[in-house]
Amino acid sequence: MTSSDKPWGGRFTEPTKPTVETFTASIPFDWRLYRHDIAGSIAHCRALAEAKLISPAERDQIIQGLKAIESEIAAGRFPFSMQYEDIHMNVEHGLAERIGPVAGKLHTGRSRNDQVALDLRLYVREELDAIGDLLRGVQQALAHSASRHLDVILPGYTHLQRAQPVLLAHHLLAYYEMFQRDAERLRDARNRANRMPLGSGALAGTNYPINRELIAEYLDFPIVTKNSLDAVSDRDFVIESLSAFALIMMHLSRLAEELVLWSSAEFGFIELPDGFCTGSSMMPQKKNPDVPELIRGKTGRVYGSLVALLTTTKALPLAYNKDLQEDKEPLFDAVETVKACLAITAEMLPGLRVKIDTMAAAAADSLLLATEIADDLVTKGLPFREAHAVVGKLVRFCLESGRPLSGLSSEEYRRFSPLIDADLASRLTPEAAIARKTQIGGTAGEAVRQRLREITKGAGK
Ligand code: ARG
């Protein structure tokens, strides 16, 4: 193909080098914007007709042609060509093949710069919604699992050292809260993606009386962009979305890490369903937690996409620059990765086998109740710092003598403080420690059940 066959070939005398055609083409990856590209073109075409820039008959001819191309692409029968660079010119060329020269009227008052900005916004908006739905699936799985394990106790950790007993339901719902914030972030990103850029032209706006607000209405955008230079060069909405995806992956990865740890022989808190694990080609006894490991691993990839886009955009002068074509592959890859990880997490969670007894045994270490004794002394009037010191000495005594914190006689306890109750030992249980934490956000069964009620009533904000 010579340059003069290209839509922009007029001012060229020499053909594009084939290596350059391959190097600059985005069709190998941006073909997947075809639905959005065609929806945008149909809206633009209708607005051209409204502005009397094309006749109603021409409008109908163009729209019919575009719809036929959409079906052809969906059926895998459309001959994409590197020579037409990207999805926009491939569709336009296909239209010309079908309906002849009238196809040439479609691009009136439009540039590929505002066209690609529109396509990408439509794509991002749709995927933010799809990811929001998948996220809700994971939240529901967590809430369901929490409601099935309301009596299960395990040690809560800080510094990965056993700290205080908590309910498994409380632990699971901690992830619910993380994903709730992610859902808010997706909605927030959607708001700013939801602005209609067409009519910005290549960079300066358009000479034609195209009704931008009408196009926005056709495509269900609440508002139009307010500055043409900004509209063709803005990729904030991609970066914001990627940043929301990165946080989703970070949360999924933390959950995955706990599943890997908990399914180890050292913890033995859970068993993952066989269908989500693989074996070793050499060691017959192995059952490996590949799915959570891969979720953890794929997190780096999504962070990579975010950093790639931040870097690509950091020194771009206004307005459109070809660098921006590099926005698509990281975005598409991140979208596919997040969706796959959310879907498989929602599928895996209901199959977890919780080893209640192992968890309970780990939580039964009475040292985890040291804070309870200190709090008890505070209720008797001892300042917390003094209470902390008393119990610290008690703990040291137990560690040195190999005695459990809950197993001393009342005389022995009183040696540390006369304020310690005679019946302390009988009240010193993980269940009692948990039951005392009834404040909103605490681990008491009462508080956790209240949160679950809010969640199932759809008020889990
Ligand atoms: N394929 C291009 C992209 O993805 C479309 C916009 C091209 N604009 C241009 N002036 N060459 O960014």
Side-chain angles (χ1 to χ4, degrees), residues 30 32-40 42-44 114-140 176-200 212-227 230-252 299 302-303 305-310 312-313 324 327-343 345-346 455 458-461:
D30 72 7
R32 67 171 79 201
L33 294 174
Y34 76 91
R35 280 189 301 108
H36 314 94
D37 193 73
I38 288 172
I42 290 176
H44 179 67
D114 56 353
Q115 191 177 358
V116 72
L118 172 69
D119 293 5
L120 213 54
R121 284 175 185 269
L122 287 169
Y123 168 84
V124 163
R125 195 174 70 173
E126 185 178 296
E127 294 299 348
L128 285 171
D129 289 343
I131 290 171
D133 288 344
L134 289 166
L135 194 61
R136 211 162 310 120
V138 171
Q139 287 187 289
Q140 275 160 5
Y176 180 96
E177 303 297 341
M178 297 177 216
F179 293 127
Q180 190 59 27
R181 292 193 294 277
D182 289 328
E184 283 170 26
R185 268 185 284 270
L186 293 179
R187 282 195 290 273
D188 198 43
R190 189 190 201 280
N191 261 338
R192 272 182 298 279
N194 209 11
R195 293 168 193 185
M196 207 295 295
L198 225 54
S200 303
R212 297 190 65 210
E213 255 125 22
L214 193 64
I215 301 181
E217 208 180 295
Y218 291 151
L219 294 168
D220 203 21
F221 284 98
I223 47 172
V224 299
T225 54
K226 311 291 187 200
N227 180 299
D230 176 45
V232 293
S233 62
D234 171 26
R235 294 295 180 272
D236 292 5
F237 63 98
V238 177
I239 294 172
E240 282 188 59
S241 301
L242 286 172
S243 131
F245 301 161
L247 283 169
I248 292 175
M249 288 305 298
M250 184 265 276
H251 295 147
L252 284 175
T299 302
V302 175
Y303 288 5
S305 291
L306 171 61
V307 174
L309 251 284
L310 284 168
T312 297
T313 47
L324 289 176
D327 57 1
K328 288 169 203 64
E329 286 167 290
L331 172 64
F332 295 158
D333 187 73
V335 163
E336 294 312 317
T337 306
V338 175
K339 283 166 89 175
C341 291
L342 285 169
T345 301
I455 287 167
K461 306 268 184 293

Visitor: Using 0.5 Å steps for rounding, measure from the CE atom of Met196 to the OH atom of Tyr218.
Guide: 11.5 Å
Visitor: Only pairs at least two apart or in different chains count here, so list each salt bridge (Lys or Arg N to Asp or Glu O under 4.0 Å) that has a residue in residues 125-135.
Guide: Arg35-Glu126, Glu127-Lys339, Asp129-Arg190, Asp133-Arg136
Visitor: Go through the structure and list residues passing side-chain contact (heavy atoms from CB on, under 4.5 Å) with Val138, not counting sequence neighbours.
Guide: Leu142, Phe179, Leu342, Thr345, Ala346, Leu349
Visitor: Name all residues meeting the side-chain hydrogen bond (donor to acceptor under 3.5 Å, both in side chains) criterion together with Asp30; count only those two or more places apart in sequence or in a different chain, and write none if there are none.
Guide: Ser26
Visitor: Val232 versus Leu324: any side-chain heavy-atom pair under 4.5 Å?
Guide: no
Visitor: What pair of heavy atoms forms the shortest contact from Val224 to Ala216, and how long is it?
Guide: CG1-CB, 3.8 Å
Visitor: With Asn227, which residues qualify under side-chain hydrogen bond (donor to acceptor under 3.5 Å, both in side chains), at least two apart?
Guide: none
Visitor: Would you please name every residue forming a salt bridge (Lys or Arg N to Asp or Glu O under 4.0 Å) with Arg181, sequence neighbours left out?
Guide: none
Visitor: Ignoring hydrogens, what is the shortest heavy-atom contact between Thr225 and Ser200? Give both atom names and the distance.
Guide: OG1-OG, 4.0 Å
Visitor: For Arg195, check side-chain hydrogen bond (donor to acceptor under 3.5 Å, both in side chains) against everything at least two apart and list the hits.
Guide: none
Visitor: What's the spacing between Leu309 CG and Glu329 CD if we round to 0.5 Å?
Guide: 11.5 Å
Visitor: Report yes if the side chains of Ile131 and Ile248 come closer than 4.5 Å at any heavy-atom pair, otherwise no.
Guide: yes
Visitor: Quick one: does any side-chain atom of Arg212 pair with a main-chain N or O of Leu198 as donor and acceptor, under 3.5 Å?
Guide: yes
Visitor: With a 4.5 Å heavy-atom cut-off, do Leu120 and Leu331 have their side chains touching?
Guide: yes
Visitor: If you compare all heavy atoms of Val124 against all heavy atoms of Ala193, which two are closest, and at what distance to 0.1 Å?
Guide: CG1-CB, 4.1 Å
Visitor: Run the side-chain donor-acceptor check on residues 237-245: report pairs under 3.5 Å with partners two or more places apart or on a different chain.
Guide:
from	atom 1	to	atom 2	distance (Å)
Glu240	OE1	Arg192	NE	3.0
Glu240	OE1	Arg192	NH2	2.6
Glu240	OE2	Arg192	NE	2.9
Ser241	OG	Phe237	O	2.7

Visitor: Taking salt bridge (Lys or Arg N to Asp or Glu O under 4.0 Å) as the test, write out the residues that go with Glu217, two or more places apart.
Guide: none
Visitor: Might you confirm whether atom CD of Glu336 has over 12 heavy atoms from other residues, nucleotides or ligands at distances under 6.0 Å?
Guide: yes
Visitor: Output, in order, the C-alpha distance, side-chain angles, deciding distance and verdict of side-chain contact (heavy atoms from CB on, under 4.5 Å) for Lys328 and Val116.
Guide: CA-CA 10 Å; Lys328 288 169 203 64; Val116 72; 3.6 Å; yes
Visitor: Run the salt bridge (Lys or Arg N to Asp or Glu O under 4.0 Å) test against Arg185 and tell me which residues pass, sequence neighbours left out.
Guide: Asp182
Visitor: Using the rule given for side-chain contact (heavy atoms from CB on, under 4.5 Å), can you reason through Asp37 versus Gln115, listing the C-alpha separation, both sets of side-chain angles and the distance that settles it, and then say yes or no?
Guide: CA-CA 7 Å; Asp37 193 73; Gln115 191 177 358; 3.0 Å; yes
Visitor: For Ala189 and Leu128, which heavy atoms make the closest approach, and how far apart are they?
Guide: C-CD1, 3.9 Å
Visitor: Go through the structure and list residues passing side-chain hydrogen bond (donor to acceptor under 3.5 Å, both in side chains) with Asp114, not counting sequence neighbours.
Guide: none
Visitor: Would you call Ile215 and Phe221 a side-chain contact if the rule is heavy atoms closer than 4.5 Å?
Guide: no
Visitor: Output all residues satisfying ring pair (Phe, Tyr, Trp, His ring centres under 6.0 Å) with Tyr303, sequence neighbours left out; order by chain, then residue number.
Guide: none
Visitor: Might you point out which heavy atoms bring Cys341 and Leu252 nearest each other, and give the distance in Å?
Guide: CB-CD1, 3.8 Å
Visitor: How long is the span from the CD1 atom in Ile38 to the CG atom in Asp119, to the nearest 0.5 Å?
Guide: 9.5 Å
Visitor: Nearest 0.5 Å, what's the CG-CG distance between Leu219 and Leu214?
Guide: 10.0 Å
Visitor: Rounded to the nearest 0.5 Å, how far does CZ of Arg121 lie from CG of Asn194?
Guide: 9.0 Å
Visitor: Quick one: CG on Leu247 to CG on Leu306, what's the gap to the nearest 0.5 Å?
Guide: 9.0 Å
Visitor: If the condition is side-chain contact (heavy atoms from CB on, under 4.5 Å), which residues does Ala308 pass it with, not counting sequence neighbours?
Guide: Pro330
